[in-house]
2 protein chains.
Amino acid sequence: MTDFKKILREAKLKVTPARLATLAALSKSSRPMTAEEIHVKVGKSGIDPVTIYRTLASFEAHTLVKRVDLHRDAVHFELADPHHHHIVCTSCGAMEDFDVCDVEAIGKKILRHSSNFKTIQEHSLELFGLCKKCMK
Amino acid sequence: MTDFKKILREAKLKVTPARLATLAALSKSSRPMTAEEIHVKVGKSGIDPVTIYRTLASFEAHTLVKRVDLHRDAVHFELADPHHHHIVCTSCGAMEDFDVCDVEAIGKKILRHSSNFKTIQEHSLELFGLCKKCMK
DNA sequence: ATCACAAATGCAAATCATTTGCAAGTAAGT
DNA sequence: ACTTACTTGCAAATGATTTGCATTTGTGAT
């Protein structure tokens, strides 16, 4: 079982029910989630949606979660680890993960040519296409 | 001089002042713009912000513009052509373009392994880091 | 275990971006 | 010029996310 408490402590964040529940929700989900989806999953009663937003902001600042723009609905979040990306159907939202990612290499090349940037913290990479069903 | 009318006609879109102004604004800008920024640039009086939103939606549907998530403020848009990506400072928003992009290759590999996707229409790829000034 | 304090939470209300409905205006083909 | 479908403006509705503030709760130190 993943030790969410340990994750929080290592991030120097206080261990609270809302944070544990948020980590659990994200961990159990196979897809990136919106704040609202997380709120529903942790039990609509109990934890205020505002807390979810603040929790996610805090997690993002501590690189526990990653913001994902799927070009649909609100912003989605997912656990930063393990690193992966998505291919999304622009029509129905179907999604697959992939972990092929040469961005590290690209990043290094960019940094070499950039006069203003010296480090890369993270990156986004999503593919958008049509799934089988929506192709016809 | 870019022929915006031609661009619109080729996209089978009616040539209107709002669309020409939006294309001009995006064309003149060196950065992706939000709907609000475009609204300001085309002259706040004159064209309704709602029209900008509808124009951008239409442009996006016709792949004239590309939606860019810079992890700050509202959604940004930029002309789809020429194809390029960005490295963005997470602290101050400073930005550089880059056109190195092996995503085509990655995309092909993904499609080969995917059972549900057969075509890719577009992709997002942005790097997030700290600029020189914000590093200290 | 108890204390002290900074950090986290809930609730209400504000803000901001974006969308929708509808009536009036206009580009484009005939 | 005429017709028709597509666009636009304005007002109002949504929806997501943020902010203020008083209260509660982790945590590290006693």
Side-chain angles (χ1 to χ4, degrees), chain A residues 3-25 32-62 64-77 93, chain B residues 3-26 32-62 64-78 93:
Chain A
D3 189 345
F4 299 129
K5 289 190 187 177
K6 191 178 170 200
I7 293 177
L8 288 174
R9 292 206 180 100
E10 287 178 351
K12 298 196 183 70
L13 289 171
K14 286 186 183 175
V15 176
T16 70
R19 287 175 176 167
L20 290 172
T22 301
L23 283 181
M33 302 172 85
T34 64
E36 170 59 14
E37 288 169 343
I38 295 173
H39 182 220
V40 170
K41 192 136 168 196
V42 303
K44 265 209 172 201
S45 52
I47 295 173
D48 194 278
V50 174
T51 299
I52 306 290
Y53 281 105
R54 288 195 269 230
T55 297
L56 289 170
S58 157
F59 282 4
E60 189 185 15
H62 289 79
L64 259 44
V65 301
K66 200 179 164 220
R67 171 183 300 257
V68 187
D69 177 22
L70 300 175
H71 289 196
R72 45 179 53 240
D73 309 319
V75 178
H76 287 70
F77 291 87
Chain B
D3 190 344
F4 299 128
K5 290 190 186 177
K6 192 179 172 201
I7 293 177
L8 289 174
R9 292 205 180 99
E10 286 178 352
K12 297 198 183 68
L13 287 171
K14 286 188 182 173
V15 175
T16 70
R19 287 173 177 168
L20 291 172
T22 300
L23 283 181
L26 286 171
M33 302 172 85
T34 64
E36 170 59 13
E37 288 170 342
I38 295 173
H39 182 222
V40 170
K41 191 135 166 195
V42 304
K44 266 210 170 194
S45 51
I47 294 173
D48 194 279
V50 174
T51 299
I52 306 290
Y53 281 104
R54 288 197 270 231
T55 297
L56 289 170
S58 158
F59 282 3
E60 189 185 16
H62 288 80
L64 259 46
V65 301
K66 199 178 166 224
R67 173 183 299 258
V68 187
D69 176 23
L70 300 175
H71 288 196
R72 43 178 53 240
D73 308 320
V75 178
H76 287 70
F77 291 88
E78 66 183 1

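By convention in this document, chain letters (A, B, ...) are assigned in the order of the sequence lines, proteins followed by strands, and residues within each chain are numbered from 1.
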Euclidean distance, atom [atom1] of residue [X] to atom [atom2] of [N] [Å, nearest integer]:
X	N	atom1	atom2	answer
B:His62	D:dC6	NE2	C1'	11 Å
A:Ile52	D:dT17	CD1	P	12 Å
B:Leu8	C:dT26	CG	P	18 Å
A:Tyr53	C:dT9	OH	P	16 Å
B:Lys5	C:dA28	NZ	P	9 Å
B:Leu20	C:dA27	CG	P	10 Å
B:Asp73	C:dT15	CG	P	18 Å
B:Asp48	C:dC22	CG	C1'	14 Å

### Query
Taking for each residue the nucleotide of DNA chain C bearing the nearest heavy atom, is the 5' side occupied by A:Ser58 or by B:Ala74?
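Going by which nucleotide is closer to the 5' end, it is A:Ser58.
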### Message
Within the structure provided, determine whether B:Ile38 and B:Leu56 are in side-chain contact (heavy-atom separation under 4.5 Å).
### Response
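Heavy-atom side-chain distance check passes, below 4.5 Å.
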### Query
Side-chain contact, heavy-atom cut-off 4.5 Å: A:Leu8 with A:Leu64?
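Counting from C-beta outward, A:Leu8 and A:Leu64 do come under 4.5 Å.
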### Comparing B:Lys14 and A:Ala57 on DNA chain D - which has the more 5′ nearest nucleotide
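With B:Lys14 and A:Ala57 compared, the 5'-side residue is B:Lys14.
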### Task
Measure the spacing between CG of B:Leu13 and CZ of B:Phe59 and express it to the nearest 0.5 Å.
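If I round to the nearest 0.5 Å, the distance is 6.5 Å.
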### Task
Find the distance between NE2 (A:His39) and OG1 (A:Thr51) and round it off to the nearest 0.5 Å.
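Atom-to-atom, A:His39:NE2 and A:Thr51:OG1 are 8.5 Å apart.
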### Task
Look at the side-chain N and O atoms of B:Thr16 and state whether any lies under 4.0 Å from the OP1 or OP2 oxygen of C:dA27.
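B:Thr16 to C:dA27 OP1/OP2: no side-chain N or O under 4.0 Å.
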### Least distance between heavy atoms, A:Pro32 atom then A:Glu37 atom
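Residues A:Pro32 and A:Glu37, closest heavy atoms: O-OE1, 3.9 Å.
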With a non-hydrogen cut-off below 4.0 angstrom, is [X] in contact with a base, only sugar-phosphate, or nothing?
X	answer
A:Ala18	sugar-phosphate
A:Val50	base
A:Arg54	base

### Message
Of the listed nucleotides (C:dT9, D:dT17, D:dT7), which one gets closest to any side-chain atom of A:Arg19?
### Response
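Nearest nucleotide to the side chain: C:dT9.
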